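Computed from a predicted structure; not experimentally measured. Proteins come first, then strands; the chains are lettered A, B, ... in the order of their sequence lines, and each starts at number 1.
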2 protein chains.
Amino acid sequence: MSRADAVDVPDDGARRTPDRLRRRASRLLSQLTMRSDRLVNEGLARVDARKWHYAVLASLQEHGPGSQAELSRRSGIYRSDMVGVLNELAERDLVERGPDPEDRRRNVITISDRGRRRLRRLDKVLDDLHDELLAPLSPAERDQFVQLTTRLLDHHTRTS
Amino acid sequence: MSRADAVDVPDDGARRTPDRLRRRASRLLSQLTMRSDRLVNEGLARVDARKWHYAVLASLQEHGPGSQAELSRRSGIYRSDMVGVLNELAERDLVERGPDPEDRRRNVITISDRGRRRLRRLDKVLDDLHDELLAPLSPAERDQFVQLTTRLLDHHTRTS
DNA sequence: CCGTTGCGTTAGTCCGACTAACGGGATACG
DNA sequence: CGTATCCCGTTAGTCGGACTAACGCAACGG
């Protein structure tokens with residue numbers, strides 16, 4: 001099948017992580033995600049961005065302006081943390097925060113031209129980073145991988 | 001402007017995460033891992049365990065006794081955090097901490113009989129949890145998934 | 001008019017990964 | 001022999017991300 005889960009395997013140099021541990025999907029996932037997160041965070045930090053920036057900008061570009069709460073829902077960022085993110089984006093003039101004429105208790109967030117340019121740049125950066133992340137896989141395998149994880153994630157979000 | 005005048009896209013309910021975001025492998029990974037971690041942590045908590053317990057016990061069972069630093073290396077737990085984990089394990093009489101006769105500055109950790117029984121139990125628990133985690137995938141797909149993530153992880157640990 | 005609901009915000013918890021520093025014991029080397 | 005260096009166990013503390021609690025305020029709905 002996979003490897004030698006036979007009895008008498010002399011794994012001298014391999015004397016590392018126990019197999020039962022290494023094989024567990026949950027561990028593979030968290031280890032890999034740690035690497036992936038680091039890769040992405042560092043990559044984005046190099047261009048003075050954070051993944052939240054991308055998430056919010058993408059959401060604005062794709063679904064148009066929205067209130068903070070709505071952006072929060074669309075991007076998966078907690079509304080508690082949204083404030084800070086929007087501050088960072090506003091500082092950089094990537095986004096404009098204005099009061100909603102129709103509902104004075106909320107702000108409407110709009111993407112700016114700079115924001116749109118920024119988003120294009122970040123998309124490029126992320127493409128490169130993902131190329132690095134998925135380097136060992138062939139195009140077909142990358143698709144497979146994305147497909148499988150998508151299915152898993154979907155299942156667990158619906159069954160939440 | 002508000003919402004209802006969407007032109008041609010019938011994504012009423014689907015008005016959610018932007019696509020470019022949703023299909024990024026990095027995002028899929030961190031989202032999925034969050035779910036997976038929660039699942040596993042909660043599952044283990046229900047039997048008064050944590051994943052570190054499993055990691056250490058498995059390492060002891062598979063590679064025999066060792067110093068704290070060595071266990072740290074084998075299991076990937078930071079040596080700073082090892083103390084706490086071993087305290088928890090020792091409290092429950094799953095391991096024994098004794099001074100190394102050959103090197104008085106270090107402790108030798110040994111798994112106890114209770115520990116061995118415990119490990120078997122945890123293995124069962126984890127099997128069930130992984131069944132839940134990978135539920136939507138066929139056996140073949142599960143293998144595929146494990147294979148792909150393993151390759152990715154290996155690549156990124158070697159290239160670290 | 002009042003209760004409920006949603007929004008923006010602040011503060012703070014919890015947890016995991018990771019760093020810094022330290023004393024003491026072990027080893028290597030001059 | 002002494003000393004420099006390394007390793008080990010330990011404590012304390014940082015950092016970032018997810019998440020909760022609570023509040024004030026505005027709006028909507030009966």
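The residues Arg22(B) and Asp154(A) are annotated as not salt-bridged, no charged nitrogen and carboxylate oxygen being separated by less than 4.0 angstrom. For Lys124(B) and Asp128(B), the salt-bridge test passes: some basic side-chain N is under 4.0 Å from an acidic carboxylate O. Under a 4.0 Å N-O distance rule, the pair Glu141(B)/Arg151(A) qualifies as a salt bridge. Salt bridge absent: Asp19(B) and Arg24(B) never bring a charged side-chain N and a carboxylate O closer than 4.0 Å.
In this structure, of dA26(D), dG17(D), dT9(C), it is dT9(C) that holds the atom nearest to the side chain of Val83(A). Side chain of Arg79(B), nearest nucleotide from dA21(C), dG17(D), dG8(C): dA21(C). Of the candidates dA17(C), dT10(D), dC7(C), the closest approach to any side-chain atom of Arg97(B) belongs to dT10(D). When distances are taken from the side chain of Ser67(A) to each of dA26(D), dG8(C), dC18(C), the shortest belongs to dG8(C). In this structure, the nucleotide among dG8(C), dA27(D), dG9(D) sitting nearest to the side chain of Ala69(B) is dG9(D).
Inspection of the Gln61(B) and Arg20(A) side chains reveals no N or O donor paired with an N or O acceptor under 3.5 Å. At a cut-off of 3.5 Å, with distance as the only test, no side-chain donor of Arg106(B) or Ser67(B) sits close to an acceptor on the other residue.
Put simply, CG on Leu71(A) is 9 Å from P on dG8(C), counting in whole angstrom units. If you take CD1 of Ile77(B) and P of dG16(C), they are 11 Å apart, rounded to a whole angstrom. The distance between atom CZ of Arg27(B) and atom C1' of dG17(D), rounded to the nearest whole Å, is 14 Å. The nearest whole Å value for the distance from the CG atom in Asp37(A) to the P atom in dA17(C) is 12 Å. Between Glu42(B) atom CD and dG16(C) atom C1' there is a gap of 16 Å when expressed in whole angstrom units. Note: CE (Met82(A)) to C1' (dC7(C)) measures 13 Å, nearest angstrom. For Lys51(B) and dG16(C), the NZ to C1' distance is 7 Å, given to the nearest whole Å. Atom pair Leu44(B):CG and dC15(C):P shows a separation of 14 Å (rounding to whole Å applied).
The base of dC18(C) is paired with the side chain of Asp81(B) by a donor and an acceptor separated by under 3.5 Å. Under 3.5 Å, the side chain of Arg106(A) and the base of dG8(C) form no donor-acceptor pair of N or O atoms. Interface remark: the Ser80(A) side chain does not form any donor-acceptor pair with the dT9(C) base, using a distance-only criterion of under 3.5 Å.
The side chain of Arg73(B) places an N or O atom within less than 4.0 Å of a non-bridging phosphate oxygen (OP1 or OP2) of dC8(D). In this structure, Asn87(B) does not reach the dT10(D) phosphate: none of its side-chain N or O atoms is under 4.0 Å from OP1 or OP2. Phosphate proximity of dT20(D) to Tyr78(A): present, with a side-chain N or O under 4.0 Å from OP1 or OP2.
Summary of the strand contacts: Asn41(B) and Val108(A) both lie near DNA chain C, and taking for each the nucleotide with the nearest heavy atom, the more 5' one is attributed to Val108(A).
Contacts of Asn107(A) with the nucleic acid, taken as non-hydrogen atoms under 4.0 Å apart, involve only primed sugar atoms and P, OP1 or OP2. Within the nucleic acid shown, Met34(A) comes within 4.0 Å of sugar-phosphate atoms alone, with no base atom in reach, counting heavy atoms only.
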